[in-house]
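One structure is given here, and the rest of the page talks about it.
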There are 2 protein chains.
Amino acid sequence: MTMPTDEELAALGAAFDLFARRYKLAEALGPEKPLNELDKQILSYVAKNDGCGPTDIARYLGVANTTVSSATDRLVKRELLRRQRPEADRRAVALHLTPAGEGRVAALQAMYGELHRRMLAPLDAEERRQMIAMMAKVANDDA
Amino acid sequence: MTMPTDEELAALGAAFDLFARRYKLAEALGPEKPLNELDKQILSYVAKNDGCGPTDIARYLGVANTTVSSATDRLVKRELLRRQRPEADRRAVALHLTPAGEGRVAALQAMYGELHRRMLAPLDAEERRQMIAMMAKVANDDA
DNA sequence: GGAAGGTATCACGAACTTCGTACTATTCAA
DNA sequence: TTGAATAGTACGAAGTTCGTGATACCTTCC
């Protein structure tokens with residue numbers, strides 16, 4: 001394939017930087033005491049993979065098992081997450097969101113949705129369609 | 001403007017999640033002892049804004065002044081950053097990269113560049129051009 | 001059945017990070 | 001020339017990550 005130029009790559013990097021910074025600043029605004037990065041990622045993962053175990057999460061996020069264990073403790077104490085011992089394998093732990101946890105995830109997703117909506121605002125309908133198609137193509141390539 | 005659909009927004013969010021995760025996992029690979037997130041962002045900021053002060057950085061990144069001060073200490077101890085008292089205003093501190101710091105930033109940028117290059121790989125030249133144009137348009141809107 | 005070995009998780013503690021409070025040094029303004 | 005404002009830092013409390021070691025459970029192979 002023809003290589004993208006360095007300028008193109010730099011533009012891409014600058015855009016990602018900007019988005020990441022906006023994410024972070026937007027998150028500071030919510031009314032609740034903000035969750036840290038890991039905790040948010042864990043809640044989102046459990047929302048998408050109900051009943052998963054701590055080890056799945058640790059592998060997925062690239063952190064130590066014990067770190068997920070600590071984070072799970074935090075989230076259980078805050079009543080956002082629930083541990084359950086499945087009868088099938090009683091070493092394991094299946095994680096589920098509590099109703100409060102579901103509410104929190106919904107709020108997070110609403111915030112992200114709003115951020116993305118605003119991000120797309122300067123594009124017209126056709127451009128937006130194109131951009132999302134590219135992103136999907138890139139993401140689904142899954143290299 | 002016509003609103004993007006929820007599916008479109010979800011696709012966008014999934015793509016960003018994926019990219020963020022790839023960033024994090026890629027960074028764990030380098031040979032050096034990895035810098036934490038804040039330290040990397042500080043180095044990058046100083047690379048683009050040579051001679052800036054801690055308070056500029058704190059405002060830009062949305063963290064406390066004292067946090068930047070601690071991080072600056074770390075980076076000075078690791079000899080990636082250098083403090084300098086400008087004669088013009090002797091309360092202030094001007095930050096500069098050391099040669100080692102410049103090397104570190106170059107390595108980081110090379111890694112990001114490679115990641116972005118690989119991200120663009122599944123697109124053909126025309127699509128890539130489009131995608132980068134969209135990203136630039138969105139980023140420059142600067143809302 | 002039972003011992004050996006592997007797996008999933010947690011308890012604990014060390015090292016590190018963030019950030020609020022209080023302080024110093026310097027500049028600005030009247 | 002003081003008094004207020006500004007840039008930065010020292011210190012300490014609270015919280016986070018992760019390695020080590022312990023516990024409970026499952027599986028396999030005699």
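Chain naming here is simple, since letters A, B, ... match the order of the sequence lines and numbering starts at 1 in each. Hydrogens, waters and symmetry mates are skipped; everything else that's a heavy atom, side chains included, is used.
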Original post:
Nearest nucleotide by nearest heavy atom, which residue falls closer to the 5' end of DNA chain D, A:Asn36 or B:Cys52?
Top reply: B:Cys52
**OP:** Could you work out which one of D:dT9, C:dT27, C:dC10 sits closest to the side chain of B:Arg91?
**Re:** C:dT27
**OP:** Take the protein atom NZ of B:Lys33 and the nucleotide atom P of D:dC18, then report the distance between them rounded to whole Å.
**Re:** 14 Å
Subject >> Options C:dT9, D:dG8, D:dC25, nucleotide nearest the side-chain atoms of B:Pro54 >> reply: D:dG8
**OP:** Starting from P on C:dT18, measure out to CG on A:Leu38 and report it in whole angstrom.
**Re:** 15 Å
Subject >> Residue A:Glu79 excluded, over 12 heavy atoms near CD under 6.0 Å >> reply: no
Subject >> Atom pair distance, as rounded to whole Å: CG in A:Leu75 and P in D:dG15 >> reply: 15 Å
Subject >> Whole-Å distance separating the CG atom of B:Asp73 from the P atom of C:dC16 >> reply: 14 Å
Original post:
What nucleic acid atoms does A:Thr55 come within less than 4.0 Å of, heavy atoms only: base, sugar-phosphate, or nothing?
Top reply: sugar-phosphate
Original post:
Can you check the B:Arg90 CZ to D:dT6 C1' distance for me, whole Å?
Top reply: 15 Å
Original post:
Atom CG of B:Asp39 to atom P of D:dT17: distance rounded to whole Å?
Top reply: 16 Å
**OP:** Please check the phosphate of D:dT9 (OP1 and OP2 only) for any side-chain N or O of B:Arg85 closer than 4.0 Å.
**Re:** no
Original post:
Taking a hydrophobic cluster as the set of Ile, Leu, Val, Met, Phe, Trp and Tyr residues connected by side-chain heavy atoms closer than 4.5 Å, whether directly or through intermediates, do A:Leu108 and A:Leu80 fall within one such cluster?
Top reply: no
**OP:** Report which part of the nucleic acid B:Val68 touches: base, sugar-phosphate, or nothing (heavy-atom distance under 4.0 Å, all strands).
**Re:** nothing
Original post:
B:Ser69 side chain N/O closer than 4.0 Å to the phosphate oxygens (OP1, OP2) of D:dG8?
Top reply: no
Original post:
Quick one: B:Asp56 CG to D:dA7 C1', roughly how many Å, whole number?
Top reply: 10 Å
Subject >> Atom pair distance, as rounded to whole Å: CD in B:Glu37 and P in C:dT18 >> reply: 10 Å
**OP:** Report the nucleotide, chosen from C:dA8, C:dT9, D:dT9, that has the shortest atom-to-atom distance to any side-chain atom of B:Thr66.
**Re:** D:dT9
Original post:
Are B:Arg59 and D:dT6 close enough that a side-chain N or O sits under 4.0 Å from OP1 or OP2?
Top reply: no
Original post:
Does the pair B:Arg22/B:Asp17 count as a salt bridge with the N-to-O cut at 4.0 Å?
Top reply: no
**OP:** Tell me which nucleotide among D:dT17, C:dT18, C:dT9 gets nearest to the side chain of A:Asn65.
**Re:** C:dT9
**OP:** With the side chain of B:Ala64 defined as its heavy atoms from C-beta on, choose the nearest nucleotide among C:dG20, C:dT9, C:dT17.
**Re:** C:dG20
Original post:
Taking the side chain of A:Arg78 as heavy atoms from C-beta outward, which of D:dC18, C:dG20, D:dT16 is closest to it?
Top reply: D:dT16
**OP:** Determine whether B:Tyr60 and A:Phe19 fall in the same hydrophobic cluster, where Ile, Leu, Val, Met, Phe, Trp and Tyr are linked whenever their side-chain heavy atoms lie under 4.5 Å apart.
**Re:** no
Original post:
Are B:Leu35 and A:Phe16 co-members of a hydrophobic cluster defined by side-chain heavy atoms under 4.5 Å apart?
Top reply: no
**OP:** Using a 4.0 Å heavy-atom cut-off across all strands, classify A:Arg83 as base, sugar-phosphate, or nothing.
**Re:** sugar-phosphate
**OP:** Return the nearest nucleotide to the side chain of A:Asp89; candidates are C:dT9, D:dC26, D:dA7.
**Re:** D:dC26
**OP:** Determine the contact category for A:Thr67: base if any of its heavy atoms lies under 4.0 Å from a base atom, sugar-phosphate if only primed atoms, P, OP1 or OP2 are that close, otherwise nothing.
**Re:** base
Original post:
Once you round to the nearest 0.5 Å, how far does NZ of B:Lys40 lie from CG of B:Asn36?
Top reply: 7.5 Å
